[in-house]
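The structure appears below as C-alpha cells.
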Amino acid sequence: MKFNHTSLLFAGAIAIGLVACEKTLLDNRIPQTYPDPTKTAYVKFIHAYAGKSPALTAGAGPNVFLYIQDTTIKINGGAFTYTTSGGQFPTPSTAVTNARSWYTALPAGTQALYGVLARVNTAGFPAPVAGDTVFKVIAQLDAGRNYTAVLADTAEKPSIAILSDNFGTIDDGMYKVRLANFLAWPGDLQEIYSYREGRVIQTNVGYKQSGAFLQLKVPSVSDTFIVRKVSGPSPAFYADTLRGLLPTAKRAYTFFTRGKQLSGTSTTYQSRSTFYTTNY
C-alpha cells in the first residue's frame, strides 16, 4: 500500500489533535484534595434528644440540618434524626461490621455549630428560615483532634455537649472503652459491666458526661456488656445488655445511653436505647 505526503500530513494532524485533546482533558480534570490536618478538626454527631418539648410528643425529634459559621456551611445532606442511622452522623458502627465510624472534617478553631429545623418552604427547597434555629453552640475545635458533638437536653430547647475523643495510645492486643451518659435524668449515675472482665469497668458517670477511656485486653471471644443505673432520682432501675461485641485490637469504643423520661414519676422512658460507636 502506498502513502502520499498528503495522507501522512492528514494522519499526523489527527494524531496531534488527539494528543492535544487528551492533554486538555487531563489538564482540566479536578484533582482530588484532602483536608489539611493542620487546619482541620474531626467531628461526629450523636442525636440523643428524644423529646420535642417537656410535654413529650410520641415521636422523637427534632430533625435538623447541621451548619457551621453562621449557617453558611451545611454539614449534612439528609436531616439529622434520632432514628436515621441510629442517630449517628456521618455513619454508625454496628456489632456486625465492628467497623470504624467516620468523622466529618470541619475547619479548626473557634466554630459556631448550628442545628436548623428540617423543613421545606413553598418552593420545595430545604432552607433555614428565621426562627428555625434549634441550637447554637460555640466550640473550640483544635486541629488534628477528634470530637463527638451530642444533641441532648431535658428542656424544651436542646443543646450540644462536646466530648473530646482523646483516646491516646492503644497498646498491641488492647482496646479502649468508655461510657457516655445521655439518658435525660439529671442526677442519675451509670456504670458499665463487662462479663469477660467479670467486673464493673467504669462507674458513676453523670448526665452529659463521659468517663475517661479505659484500656482493656482484647478477649478471645465476644464480650457482653451491661450498662445500668447506679443511683439517682429516676423512679426505676434500668439496665441495657449489649451482646456479641468482639473488640478489635487498637480501637477505642464509646457506649452511649440516650432517651428521656415520660414524666417525673413514670417508670418508663421515651426512646431509651444504648449503643456504641468506634472512635478509632
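The hydrophobic clustering, which links ILVMFWY residues whose side-chain heavy atoms are closer than 4.5 Å, places Phe182 and Ile192 apart. Linking ILVMFWY side-chain heavy atoms closer than 4.5 Å, directly or via other members, places Ile75 and Ile46 in two distinct hydrophobic clusters. Residues Leu113 and Val64 share a hydrophobic cluster, clusters being chains of Ile/Leu/Val/Met/Phe/Trp/Tyr side chains in contact below 4.5 Å. Cluster annotation: Phe237 and Leu242 are assigned to distinct hydrophobic clusters (Ile/Leu/Val/Met/Phe/Trp/Tyr, side-chain heavy-atom contacts under 4.5 Å, transitive). In the hydrophobic clustering of this structure, Tyr42 does not group with Ile162; members are Ile, Leu, Val, Met, Phe, Trp, Tyr whose side-chain heavy atoms approach within less than 4.5 Å, directly or through other members.
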Should Val43 and Phe89 be marked as a side-chain contact (heavy atoms from CB on, under 4.5 Å) after you check the CA-CA gap, both sets of side-chain angles, and the distance that decides it? CA-CA 9 Å; Val43 183; Phe89 176 82; over 6 Å; no

Does Thr224 form a side-chain contact (heavy atoms from CB on, under 4.5 Å) with Thr241? I'd like the steps, not just the answer. CA-CA 7 Å; Thr224 294; Thr241 302; 3.5 Å; yes

Just do the side-chain contact (heavy atoms from CB on, under 4.5 Å) check on Tyr175 and Lys250 with the steps written out, would you? CA-CA 5 Å; Tyr175 75 102; Lys250 302 185 76 67; over 6 Å; no

Between Phe275 and Gln88, does the side-chain contact (heavy atoms from CB on, under 4.5 Å) criterion hold? Intermediate values first, please. CA-CA 10 Å; Phe275 61 94; Gln88 301 177 57; 3.5 Å; yes

Walk me through it: do Lys44 and Thr277 pass the test side-chain hydrogen bond (donor to acceptor under 3.5 Å, both in side chains)? CA-CA 10 Å; Lys44 74 163 76 258; Thr277 66; 4.9 Å; no

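Between Phe213 and Ala252, the shortest heavy-atom contact is CE2-CB, 3.9 Å. Scanning both residues, Ala143 and Lys39, for their nearest heavy atoms gives CB-N, 4.2 Å. Across all non-hydrogen atoms, the minimal contact from Asp153 to Ala184 is O-CB, 4.2 Å. Minimum interatomic distance between Tyr253 and Pro247 (heavy atoms only, all atoms of both residues): OH-CA, 3.5 Å.
Of the candidates Thr203, Thr274, Thr257, Gln190 forms a side chain to side chain donor-acceptor pair (under 3.5 Å) with just one, namely Thr257. When each of Arg272, Arg258, Arg228 is tested with Asp240 by the rule salt bridge (charged side-chain N to carboxylate O under 4.0 Å, His left out), just one qualifies, namely Arg272.
Residues Leu106 and Tyr147 are not in side-chain contact: their nearest non-hydrogen atoms beyond the backbone lie 4.5 Å or more apart. For the pair Pro219/Leu246, a side-chain contact is recorded, criterion being any heavy-atom separation below 4.5 Å from C-beta on. Phe256 places a side-chain heavy atom less than 4.5 Å from the side chain of Val150. Using a 4.5 Å cut-off on side-chain heavy atoms (C-beta onward), Val177 and Phe255 make contact. Contact of the Ile68 side chain with the Pro107 side chain is registered, since non-hydrogen atoms from C-beta on lie closer than 4.5 Å. Taking the side chain as every heavy atom from C-beta outward, Thr104 and Phe45 approach each other to under 4.5 Å.
Once rounded to the nearest 0.5 Å, the distance linking CD1 of Ile160 with NZ of Lys136 reads 14.0 Å. Atom-to-atom distance recorded for Tyr49:OH and Leu151:CG is 8.5 Å, nearest 0.5 angstrom. Residue Thr40 holds its OG1 atom at 12.5 Å from CG of Asp142, rounded to the nearest 0.5 Å. To the nearest 0.5 Å, the span separating CG on Leu179 from CG on Asn204 amounts to 10.5 Å. With rounding to the nearest 0.5 Å, the separation of OG in Ser210 from CD in Gln202 is 7.5 Å. Atom CG of Asn146 is separated from atom CG of Leu163 by 12.0 Å, given to the nearest 0.5 angstrom.
Evaluation of the salt bridge (Lys or Arg N to Asp or Glu O under 4.0 Å) test over residues 176-188, restricted to residues two or more places apart or in two chains, returns Asp165-Arg178.
Although no hydrogens or angles enter the test, the distance criterion places no donor-acceptor pair under 3.5 Å between the side chain of Thr248 and the main chain of Arg251. Between the side chain of Lys74 and the main chain of Asn76, a donor-acceptor pair closer than 3.5 Å is present. The backbone N or O of Asp171 lies less than 3.5 Å from a partner atom in the side chain of Gln215, making a donor-acceptor pair. Checked by atom type and distance alone, the side chain of Ser159 pairs as donor or acceptor with a backbone atom of Ala152 at under 3.5 Å.
Sparse packing is recorded around OH of Tyr195, with 12 or fewer heavy atoms of other residues, nucleotides or ligands lying under 6.0 Å away.
A perpendicular orientation is assigned to the rings of Tyr82 and His47, their planes being inclined by more than 60° (bins at 30° and 60°).
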